[in-house]
Amino acid sequence: MPKDLINKPPHYNKGEVETIDAIASALGDGFKYYLQGNIIKYVWRYEHKNGVEDLEKAEWYLKRLIRMQKNDNVRTKNTKVYEDIYKKI
């Protein structure tokens with residue numbers, strides 16, 4: 001079976017925690033900027049380095065950023081609902 005260098009690169013899975021999850025934990029709210037930087041990096045270099053593979057990596061980071069933003073929007077809406085409830089009490 002060929003290695004998936006986009007979604008599960010084996011060199012980032014050495015141990016119990018995947019590297020991307022450790023970075024997210026370490027950076028907290030700054031993680032979105034890390035994702036943005038990687039999107040820029042891979043789109044910027046794709047014509048000169050790894051072609052479509054780099055575009056797929058950019059896409060992976062973009063999807064992760066989108067997923068993160070959607071989750072933040074849900075949390076923000078839920079927080080607002082709870083704040084409104086507590087104001088009425």
Side-chain angles (χ1 to χ4, degrees):
M1 177 190 272
K3 294 177 183 173
D4 184 350
L5 297 177
I6 306 302
N7 297 299
K8 289 283 186 190
H11 52 281
Y12 289 139
N13 292 292
K14 304 287 186 199
E16 294 182 25
V17 177
E18 190 169 343
T19 304
I20 192 75
D21 295 329
I23 293 169
S25 181
L27 295 179
D29 291 337
F31 183 59
K32 67 182 173 184
Y33 303 113
Y34 170 81
L35 295 173
Q36 291 172 13
N38 277 309
I39 294 163
I40 293 167
K41 173 181 72 173
Y42 287 117
V43 170
W44 191 276
R45 76 180 200 186
Y46 86 94
E47 290 183 302
H48 308 288
K49 192 164 183 191
N50 296 320
V52 173
E53 182 179 314
D54 277 348
L55 292 175
E56 290 171 336
K57 288 178 182 179
E59 178 185 37
W60 186 92
Y61 283 101
L62 180 59
K63 285 179 179 178
R64 178 94 184 221
L65 180 60
I66 290 168
R67 198 167 60 242
M68 190 174 116
Q69 289 303 118
K70 284 181 177 179
N71 288 339
D72 282 351
N73 289 341
V74 168
R75 274 192 288 265
T76 301
K77 287 178 186 175
N78 289 342
T79 300
K80 174 115 177 66
V81 167
Y82 292 127
E83 287 172 354
D84 290 345
I85 290 170
Y86 285 119
K87 285 179 187 175
K88 293 177 184 177
I89 294 177

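Listed by chain and number, the residues in a side chain to side chain contact (heavy atoms under 4.5 Å, CB included) with L27 are I23, F31, Y34 (sequence neighbours excluded). Residues forming a side chain to side chain contact (heavy atoms under 4.5 Å, CB included) with K63 (at least two apart in sequence, or on another chain): E59. Taking the side chain to side chain contact (heavy atoms under 4.5 Å, CB included) definition, one finds that L62 meets it with I39, I66, sequence neighbours left out. Looking at residues two or more places apart in sequence or on another chain, you find no side chain to side chain donor-acceptor pair (under 3.5 Å) involving E56. Under the side chain to side chain donor-acceptor pair (under 3.5 Å) criterion, K32 pairs with no residue at all, not counting sequence neighbours.
Residues Y61 and I20 meet the side-chain proximity criterion, which asks for heavy atoms closer than 4.5 Å. Residues K57 and N38 have side chains not in contact (no heavy-atom distance under 4.5 Å, counting atoms from C-beta outward).
Taking every heavy atom of both residues into account, A22 and V17 meet most closely at N-CG1, 3.9 Å.
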Original post:
Going through the distances and angles, do N71 and M68 end up as a side-chain contact (heavy atoms from CB on, under 4.5 Å)?
Top reply: CA-CA 5 Å; N71 288 339; M68 190 174 116; 5.8 Å; no
Original post:
Can R45 and D54 be said to form a salt bridge (charged side-chain N to carboxylate O under 4.0 Å, His left out), step by step?
Top reply: CA-CA 7 Å; R45 76 180 200 186; D54 277 348; 2.8 Å; yes
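Y46 belongs to a hydrophobic cluster whose remaining members, ordered by chain and number, are L55; membership requires side-chain heavy atoms of ILVMFWY residues under 4.5 Å apart, directly or through intermediates.
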